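Numbers restart at 1 for each chain; the letters A, B, ... are given by sequence-line order, proteins then strands. All figures in this text were calculated on a predicted structure; none of them were measured in a lab.
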Amino acid sequence: MTQPSDFLSHLNPSQRQAVEHFCGPLLVVAGAGSGKTRALTYRIAGLVQTHRVNPENILAVTFTNKAAREIRERIEKLFAQQQALNDYGAALETLKPYEQTRLKTHVYKTFTKHLWIGTFHSLFSRILRFDIDKYADEKGRKWQRNFSIFDESDVQSLIKDIVVNKLNLDDKKFEPKSVRYAISNAKNQGLSPQDFEREQPNFRGRVIAEVYSYYEDALAANNALDFDDLILIPVQLFRQNEQVLAYWHNQFRHILVDEYQDTNRTQYDLIRLLVTNGASSFSFNNWQNRSIFVVGDADQSIYSFRMADFKILMGFQQDFGDGLRDDDTRTMVKLEENYRSTENILQLANHLIENNTERIDKVLRPTRGAGEPVFCHRSDDEIAEAEFVVQQIRNLERLNPELHWGKFAVLYRTNAQSRPIEESLVRWGVPYKVVGGLRFYDRKEIKDVLAYLRTIANPADTVSIKRVINTPRRGIGKATIDSLDAAAQQLGIPLWEILKDETSVKTLAGRSVKNVLNFAQIIQTWQGQVETLPASQIVQGVMEDSGYIQDLKEQSTEESEERLKNVLELYNAVLQFEEENEDASLSTFLASASLASDLDDLTEEQSRVSLMTLHASKGLEFPIVFLVGLEQGLFPSFRSLDDPSALEEERRLCYVGITRAQERLFISYARERRLYGTREFATPSIFLSELPRELLQTNTATALPAQRQKVSEKTTGTASRGLGQKARGQADPSRSPSGTSSGTRSAKPWEVGDRVLHEKFGQGQITHVFENGKTLAIKFPDQGIKVIDPKLAVLERAK
DNA sequence: AGACGCAAGGTTTTT
DNA sequence: CCTTGCGTCT
């Protein structure tokens with residue numbers, strides 16, 4: 001295209017240094033509002049245009065779909081602008097709409113489509129769709145390319161099932177939630193079940209290791225992965241198969257990582273493997289046509305509870321860089337000019353964060369005027385606080401024509417704090433939205449439909465089958481499902497193998513045979529179409545055939561109407577997905593649905609006040625920001641009060657909150673707050689005492705008091721009451737390999753290994769005997785395994 | 001199979 | 001205080 005100098009002129013010297021970087025390592029320390037996305041996008045554009053790098057060789061990793069989308073769109077726009085100058089000699093904006101569209105399509109087809117931009121999870125799930133069949137874990141567990149991705153609730157119930165039913169343990173003592181957390185942490189540190197077990201000194205740890213191992217069995221049996229696996233398995237695959245690693249190492253010559261402070265150990269390992277091809281990173285020195293470019297800000301590291309480790313960012317210089325000091329290094333650039341906030345707001349942020357010890361020296365430099373003073377407000381309680389916020393919003397909106405509701409944000413530490421604010425907003429008729437509430441893909445009806453689709457895409461996915469087999473109600477009760485499932489488990493085959501076999505169903509399903517067969521028929525029909533029909537048609541077909549739509553229509557309650565609407569919304573999402581992805585298939589759609597936090601909210605609400613947690617606010621900006629609930633024990637959270645590094649993370653969270661504000665910032669706290677039903681006196685947050693008085697305007701003459709450390713007492717109320725008393729229904733078949741058969745022609749009981757002759761299926765061999773011979777599993781050479789009732793079938797001994 | 005009642009537990013949660 | 005989930009009852 002044209003000379004890159006065109007767009008370099010939009011950059012300050014530090015940004016330019018980052019963007020002009022070609023090969024080798026570079027750490028970009030990018031303060032809040034310093035234009036890091038700009039640096040990232042311009043650099044990618046520069047790689048392609050100036051250095052003629054093939055877009056397919058560029059891997060840009062983010063943590064959110066939103067960030068990935070933003071980068072992609074901005075690159076597209078950048079290219080389109082260049083192309084406009086080339087083709088028309090005019091700015092893109094001055095062209096006719098259809099000319100703009102033509103340009104953008106062209107740019108997409110020739111450049112952006114080929115870039116590997118996405119989240120860690122989506123990019124590496126894509127890689128696993130190519131290569132997971134080359135992987136086996138240390139116990140030999142294998143997965144296929146049509147794997148399902150289990151969400152958090154699938155995973156939790158799986159773990160609960162293991163704790164209660166497999167290990168017969170008390171789920172009070174081994175809460176599925178905390179066991180799950182431990183397993184997730186293990187995976188995020190790159191530990192397999194065996195690795196993990198070796199590290200466990202005590203009983204509890206070893207039990208968790210056992211759960212972990214069973215959990216992996218269950219995932220493999222379902223041909224399913226959890227979120228952590230999408231990172232961990234590539235790492236392990238790359239380590240065990242050097243051809244696979246070499247392939248991707250060769251593919252991704254230029255790797256960029258956004259929000260590098262949020263990477264965890266496993267993600268770091270993954271990046272390192274791709275960069276170094278498995279060579280020790282310290283000795284790795286071959287930067288020929290290759291780069292690693294990371295952007296991050298240790299001061300905005302707020303996800304340590306999800307195993308993110310900002311020390312990985314702090315170690316970059318030693319890991320990959322030249323390790324030289326700030327003035328001499330050629331592998332680090334700092335972006336310190338802030339383009340977002342007024343000087344008053346920035347000074348406040350700078351002062352606050354200087355109270356942290358663990359950081360990279362960095363000061364945000366203002367580029368804008370001083371602005372209004374930051375206002376710190378004290379209220380009597382949370383109701384008064386909410387009232388204050390809403391009155392401020394109303395006044396500002398009324399007095400400033402340019403300030404519509406969408407320019408305000410209220411940020412809080414915990415979701416529970418939204419309620420009083422919402423109530424006030426409702427009372428005064430101010431429109432608002434709570435960001436990051438219930439996710440679209442977490443709705444029951446959406447999960448139901450997705451479970452149907454997963455059943456079709458991946459028949460081994462027993463979790464999904466069980467979810468939908470009787471949804472909507474089709475007369476398949478618990479007893480029937482248990483009997484089918486028990487047989488499958490004892491045979492060590494997926495439930496679906498039983499369901500699709502008419503004979504087995506007839507043997508096991510009792511009164512519900514017809515219903516089960518109908519269900520299996522529906523699924524099987526659409527399975528046959530997966531390769532030939534577009535995903536949208538399968539979705540539509542299944543939703544109708546399954547009676548799911550019909551059922552919702554018949555209910556015709558307010559709730560079911562809403563659900564119906566959502567299901568149709570999902571169908572639209574599939575259509576949209578097909579438009580945007582030429583490799584759209586049922587599997588790829590399901591992956592994108594599992595990895596999406598929400599539907600693409602393209603109707604960017606301009607007319608509502610935004611309410612969200614501080615965590616959810618990262619990466620966003622608003623002209624007017626309210627930061628509420630600045631009280632000890634709330635913010636900072638009581639769990640951080642006795643842990644210095646946790647307290648520093650809370651402080652970073654506060655720093656994130658402050659730096660969201662562009663024009664005006666309001667901070668507030670209450671003297672008394674309702675918490676879990678009881679009113680409690682509140683102490684002003686320690687963070688307030690760290691803000692310079694002269695930058696604050698207050699509503700009280702009272703100086704903000706020095707904070708008193710209040711350690712709330714944690715209620716420990718788990719009286720465990722012995723082991724779980726759940727009856728375990730089945731006799732162990734291995735204890736009674738033979739049984740008595742009443743209605744067969746043979747007096748001698750059937751045994752495993754017996755050769756039989758079946759009236760219809762011919763020669764076969766018994767592989768299992770259930771419940772003293774009431775039913776048999778017989779393997780026929782052509783028909784596979786069938787579960788058969790010897791009382792109903794004409795069965796002879798064969799030799 | 002569905003509704004109702006009670007007990008427990010309640011930071012944050014990009015994927 | 002309020003929400004969620006499970007178990008029991010009909």
Side-chain angles (χ1 to χ4, degrees), chain A residues 61-69 118-125 149-153 155-157 160 164 171-172 175-177 180-181 184 187-188 225-232 258-259 261-264 266-267 300-308 382 411-417 419-420 435-439 441-442 470-479 591-598 612-620 629 633-641 646 649-650 652-654 656-657 673-680 712 714-719 726:
Chain A
V61 194
T62 65
F63 279 86
T64 65
N65 292 305
K66 197 174 160 205
R69 191 165 53 237
T119 63
F120 267 105
H121 295 83
S122 70
L123 290 167
F124 288 96
S125 77
I149 300 170
F150 278 178
D151 68 26
E152 216 35 52
S153 62
V155 161
Q156 295 246 355
S157 34
K160 185 174 178 184
V164 175
D171 64 343
K172 290 279 181 347
E175 288 171 286
K177 217 174 144 190
R180 161 66 184 147
Y181 188 67
S184 182
K187 288 190 174 188
N188 287 326
L225 303 180
D226 65 22
F227 285 143
D228 304 322
D229 288 329
L230 298 176
I231 316 296
L232 180 59
D258 191 19
E259 306 281 16
Q261 78 281 356
D262 288 339
T263 49
N264 64 39
T266 315
Q267 289 159 340
Q300 293 186 69
S301 163
I302 56 174
Y303 282 104
S304 76
F305 67 95
R306 297 209 37 144
M307 290 288 102
E382 77 282 357
L411 310 182
Y412 36 76
R413 178 67 238 268
T414 67
N415 283 308
Q417 287 168 260
R419 189 186 297 139
V435 176
L438 66 159
R439 304 178 341 161
Y441 288 101
D442 280 342
N470 198 33
T471 312
R473 305 253 125 72
R474 48 171 77 86
I476 304 175
K478 192 175 176 306
S592 103
S594 308
L595 299 175
S597 50
D598 224 325
M612 68 189 92
T613 63
L614 286 149
H615 283 90
S617 77
K618 197 173 107 179
L620 305 177
L634 182 61
F635 188 27
S637 146
F638 72 93
R639 287 172 202 263
S640 70
L641 292 180
E649 176 143 328
E650 296 283 311
R652 292 192 291 271
L653 194 51
C654 189
V656 166
R673 184 174 295 268
R674 209 173 187 129
L675 204 59
Y676 304 148
T678 50
R679 294 211 151 274
E680 301 237 21
S712 308
K714 194 183 182 247
T715 34
T716 46
T718 9
K726 276 263 155 66

Checklist entry - Which one, B/dT13, B/dT11, B/dT15, comes nearest to the side chain of A/Arg413? => result B/dT11

Checklist entry - Roughly, in whole Å, what's the span from CZ in A/Phe638 to C1' in B/dT12? => result 12 Å

Checklist entry - With respect to the phosphate group of B/dT11, does any side-chain polar atom (N or O) of A/Tyr676 fall under 4.0 Å of OP1 or OP2? => result yes

Run the side-chain donor-acceptor check on residues 471-478 of chain A: report pairs under 3.5 Å with partners two or more places apart or on a different chain.
residue, atom, partner, partner atom, Å
A/Thr471, OG1, A/Arg467, O, 2.8
A/Arg474, NH1, A/Tyr452, OH, 3.4
A/Arg474, NH1, A/Val468, O, 2.9
A/Arg474, NH1, A/Ile469, O, 2.8
A/Arg474, NH2, A/Tyr452, OH, 2.8
A/Arg474, NH2, A/Ser546, O, 3.1
A/Lys478, NZ, A/Asp482, OD2, 3.0

Checklist entry - Between A/Ser637 and A/Ser640, is any side-chain donor less than 3.5 angstrom from a side-chain acceptor? => result no

Checklist entry - Taking only residues two or more places apart in sequence, or in another chain, which ones meet A/Ser304 in a side-chain contact (heavy atoms from CB on, under 4.5 Å)? => result A/Glu649

Checklist entry - Using a cut-off of 4.0 Å on non-hydrogen atoms, how would the nucleic acid contact of A/Arg652 be classed: base, sugar-phosphate, or nothing? => result nothing

Checklist entry - From the list B/dT15, B/dA1, B/dT11, which nucleotide is the closest neighbour of the side chain of A/Leu595? => result B/dT15

Item to check | For B/dT11, glycosidic torsion class - syn if within 90° of 0, otherwise anti | outcome: syn

Checklist outcome for this item: A/Tyr676 meets the ring pair (Phe, Tyr, Trp, His ring centres under 6.0 Å) criterion, sequence neighbours left out, with none

Checklist entry - Quick one: A/Arg674 CZ to C/dC2 C1', roughly how many Å, whole number? => result 11 Å

Checklist entry - Considering residues at least two apart in sequence or located in another chain, which fulfil the side-chain contact (heavy atoms from CB on, under 4.5 Å) criterion with A/Arg306? => result A/Tyr303

Next on the checklist: For a quick test of reading the model: is some side-chain N or O of A/Asn415 closer than 4.0 Å to OP1 or OP2 of B/dT11?
Outcome noted: no

Checklist entry - When all nucleic acid strands are considered with a 4.0 Å heavy-atom cut-off, which category describes A/Phe635: base, sugar-phosphate, or nothing? => result nothing

Item to check | OP1 or OP2 of B/dT13 under 4.0 Å from side-chain N/O of A/Thr613 | outcome: yes

Checklist entry - If you measure from the Lys or Arg side-chain nitrogens to the Asp or Glu carboxylate oxygens, is any gap between A/Asp151 and A/Arg439 under 4.0 Å? => result no

Checklist entry - For A/Asp262, which of A/Gln267, A/Gln300, A/Lys618 qualifies under side-chain hydrogen bond (donor to acceptor under 3.5 Å, both in side chains)? => result A/Lys618

Next on the checklist: With nearest nucleotide decided by heavy atoms, which residue, A/Ile302 or A/Ser594, maps closer to the 5′ end of DNA chain B?
Outcome noted: A/Ile302

Checklist entry - Under the side chain to side chain donor-acceptor pair (under 3.5 Å) test, which residues partner A/Ser157, sequence neighbours left out? => result none

Checklist entry - So does A/Lys160 get a side-chain nitrogen or oxygen closer than 4.0 Å to the phosphate oxygens (OP1/OP2) of C/dC6? => result yes

Checklist entry - B/dT12 and C/dG5: how far apart are their C1' atoms, nearest whole angstrom? => result 23 Å

Next on the checklist: So A/Asp228, base contact, sugar-phosphate only, or nothing? Heavy-atom distance under 4.0 Å.
Outcome noted: nothing

Checklist entry - Expressed in angstrom and rounded to an integer, what is the separation of A/His121 atom NE2 from B/dT14 atom C1'? => result 9 Å

Item to check | Length of the line joining A/Asn264:CG and B/dT13:C1', which is rounded to integer Å | outcome: 14 Å

Could you pull out the protein-nucleic contacts involving nucleotides 5-7 of chain B (nitrogen or oxygen on both sides, under 3.5 Å)?
none

Checklist entry - Taking the side chain of A/Arg419 as heavy atoms from C-beta outward, which of C/dT3, B/dG2, B/dT11 is closest to it? => result C/dT3

Checklist outcome for this item: Atom CD of A/Glu382 and atom C1' of C/dC1 are separated, to the nearest Å, by 11 Å

Checklist entry - Does A/Arg306 make a side-chain donor-acceptor contact with the base of B/dT14, cut-off 3.5 Å? => result no

Next on the checklist: Quick test of the criterion, 5.5 Å between centres and less than 30° between planes. Is A/Phe305 stacked on B/dT12 or not?
Outcome noted: yes

Checklist entry - Between C/dC6 and B/dT11, how far is it from one C1' atom to the other, in whole Å? => result 25 Å

Next on the checklist: Applying a 4.0 Å non-hydrogen cut-off, can you work out what A/Glu650 is touching in the nucleic acid: base, sugar-phosphate, or nothing?
Outcome noted: base

Next on the checklist: Mind checking if A/Ser637 touches a base, just sugar-phosphate, or nothing, with heavy atoms under 4.0 Å?
Outcome noted: base

Checklist entry - When the distance from CZ of A/Arg69 to P of B/dT14 is rounded to whole Å, what number comes out? => result 14 Å

Checklist outcome for this item: A/Asp262 CG to B/dT12 P, in whole Å, measures 18 Å

Item to check | Check ion pair A/Glu382-A/Arg419 (N to O, under 4.0 angstrom) | outcome: no

Item to check | Interatomic distance where CG belongs to A/Leu675 and C1' belongs to B/dG9 [whole Å] | outcome: 13 Å

Checklist entry - Which residue lies toward the 5' end of DNA chain B, A/Lys177 or A/Ala616, if each is placed at its nearest nucleotide? => result A/Lys177

Checklist outcome for this item: Of the candidates B/dG2, B/dG9, B/dT14, the side chain of A/Thr64 sits closest to B/dT14

